[in-house]
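Read the numbers this way: they start at 1 and go in the same order the structure lists the ligands and their atoms. Computation of the quantities below employed the complete heavy-atom set of this structure, encompassing side-chain atoms and omitting hydrogens, waters and symmetry-equivalent molecules.
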Amino acid sequence: MSSATTRPPPAHQRSRAWAHRHLTGLQGLGAEEIRFLLRAARAMAEARPAERSDLLHGRAIANLFFEDSTRTRLSFSLAAKRLGAEVVDLAGAGSSVSKGETLLDTARTVAAMGVQALVIRHNASGAAEAVARDEQSGGRVSVLNAGDGRHEHPSQGLLDALTLAEAFDRLETFDLTGLRFAIVGDIVHSRVARSDIAALTALGASIVCVGPPTFAPDSLRALGVEVERDLDAVLPEVDGVQSLRIQFERAASVSTPRDYAAGYQLNAERAGRMRPHAVVLHPGPFNRGIEITGEIADREQGPRSLILRQVANGVPVRMACLAACLGALPT
Ligand code: NCD
């Protein structure tokens with residue numbers, strides 16, 4: 001599946017480094033395109049409000065979230081508002097979605113109201129891509145994927161890359177060569193893992209996926225990563241760990257949380273095996289006491305934790321994604 005786009009913006013809006021109208025995934029994007037978005041995010045974070053508050057003035061963004069969300073929905077909304085856009089929200093419950101309206105019918109309906117972008121979260125892998133390819137919705141508006149099933153979550157992959165570049169002083173180059181990160185847990189059901197792998201490997205990092213075979217199957221190697229079972233053996237060798245939530249809503253069979261925690265929970269004892277500079281990430285929401293303990297996740301106790309930096313970086317990353325897809329970034 002092609003990840004980036006179906007049709008570029010009009011020529012006058014195109015930037016040399018970013019020619020896409022949609023952002024449905026990071027797989028298939030080039031390293032320079034990923035770096036372009038990360039540099040734009042950094043510029044958004046540093047810009048004074050007056051410098052960026054009308055980049056999307058007069059445009060409207062619709063959030064179509066068919067699955068629950070806290071961080072992604074709020075930060076897309078804040079991002080759009082900080083760029084001067086209007087934001088409208090549609091939630092599954094309380095809308096015609098609960099009457100059985102299909103994704104494409106909903107997208108066409110909202111697109112017909114004159115919005116310029118749809119931010120879509122849906123439990124079907126490929127949902128955002130399907131809307132992007134649809135003449136009557138994606139043909140008219142930009143589509144940004146805010147998480148589709150177990151496929152991709154591109155803005156999360158970008159914010160994780162930004163967080164790691166910041167932590168390892170690579171903000172000038174966004175080159176992560178020489179760094180090695182572990183992604184631990186329910187990788188098979190994780191759209192975050194797929195987008196992280198795409199972003200971090202494109203930027204030069206090496207990735208090791210760690211978990212039991214049901215969560216980290218050997219087939220993940222096709223994505224250009226290593227696969228290991230023994231977290232305790234991996235921890236002393238990595239510069240950081242992204243711990244993932246067990247996706248109970250997607251996982252048909254999971255080992256019991258207690259068995260899982262024995263092998264894969266990030267806790268104080270395991271953090272003690274990590275290199276002194278190594279960092280801890282988690283995209284949230286976390287199952288406290290299953291894949292990660294509070295003493296590691298909470299910054300005041302777990303000084304390695306970058307979890308709230310990830311959240312903070314989500315806003316400028318989503319500003320950059322919206323502005324880039326809507327052709328509003330200075331070229
Ligand atoms: C993730 C998601 O929904 O994909 N959360 C997020 O967006 N920060 C991860 C998850 O649900 O576990």
Side-chain angles (χ1 to χ4, degrees), residues 3 23-27 41 63-80 89 91-92 119-129 144-164 181-200 209-211 214-216 240-252 254 257 260-261 264-266 280-293 296-297 305-322:
S3 297
L23 179 62
T24 57
L26 301 180
Q27 297 169 60
N63 284 328
L64 308 189
F65 278 60
F66 298 84
E67 274 191 357
D68 297 342
S69 171
T70 299
R71 297 156 189 76
T72 307
R73 183 208 288 259
L74 287 181
S75 63
F76 262 115
S77 295
L78 269 177
D89 263 279
V119 178
I120 299 179
R121 168 167 287 195
H122 197 279
N123 66 6
S125 301
E129 186 73 33
L144 290 95
N145 181 7
D148 60 330
R150 55 170 84 177
H151 174 228
E152 279 233 36
H153 191 348
S155 58
Q156 181 75 41
L158 292 167
L159 74 88
D160 289 336
L162 177 59
T163 303
L164 289 169
F181 301 109
I183 301 179
V184 180
D186 186 0
I187 296 156
V188 79
H189 298 109
S190 173
R191 52 204 180 201
V192 173
R194 270 169 201 73
S195 293
D196 279 353
I197 290 168
L200 300 177
C209 290
V210 190
T214 41
F215 284 171
V241 176
Q242 166 92 308
S243 168
L244 296 176
R245 181 176 73 89
I246 300 181
Q247 307 261 314
F248 289 106
E249 72 277 30
R250 279 181 244 287
V254 284
Y260 176 80
Y264 298 102
Q265 181 186 73
L266 218 48
V280 169
L281 291 83
H282 193 302
F286 35 86
N287 300 306
R288 261 175 204 269
I290 299 182
E291 74 268 4
I292 194 165
T293 59
I296 301 306
S305 174
L306 298 180
I307 292 172
L308 292 180
R309 276 312 296 161
Q310 291 171 275
V311 175
N313 282 330
V315 179
V317 159
R318 290 171 175 126
M319 290 165 79
C321 294
L322 287 166

side-chain contact (heavy atoms from CB on, under 4.5 Å), paired with Asn63, selected from Val119, Leu74, Ile120: Val119
Aromatic centroids of Phe215 and Tyr260 separated by under 6.0 Å: yes
Contacting atoms of ligand 1, where contact means under 4.0 angstrom from a heavy atom of Pro283: 8 (N)
Proximal atoms of ligand 1 relative to Arg245 (non-hydrogen, under 4.0 Å): 10 (C), 11 (O), 12 (O)
Taking atom 3 (O) of ligand 1 as the reference point, the nearest protein heavy atom with its distance: Arg191 NH2, 2.9 Å
Top protein contact for atom 9 (C) of ligand 1, by heavy-atom distance: Gly284 O, 3.4 Å
Within 6.0 angstrom of Asp68 CG, more than 12 heavy atoms from elsewhere: no
Donor-acceptor contact present, side-chain Arg121 to main-chain Gly147, <3.5 Å: no
Glu291 side chain to His282 side chain, donor-acceptor N/O pair below 3.5 angstrom: yes
Per-atom contacts, ligand 1 versus Arg121 - under 4.0 Å to a heavy atom: 2 (C), 3 (O), 7 (O)
Shortest reach to atom 10 (C) of ligand 1 by a heavy atom, considering only Gln310, His282, Gln247: Gln247
Numbering as shown, the atoms of ligand 1 that approach His153 to under 4.0 Å (heavy-atom distance): 2 (C), 4 (O), 6 (C), 7 (O)
Gln156 N/O under 3.5 Å from ligand 1 N/O: yes
Atom indices of ligand 1, in the order listed, that fall short of 4.0 Å to a heavy atom of Thr72: 6 (C), 7 (O)
Arg318-Ser155 side chain donor-acceptor pair, cut-off 3.5 Å: yes
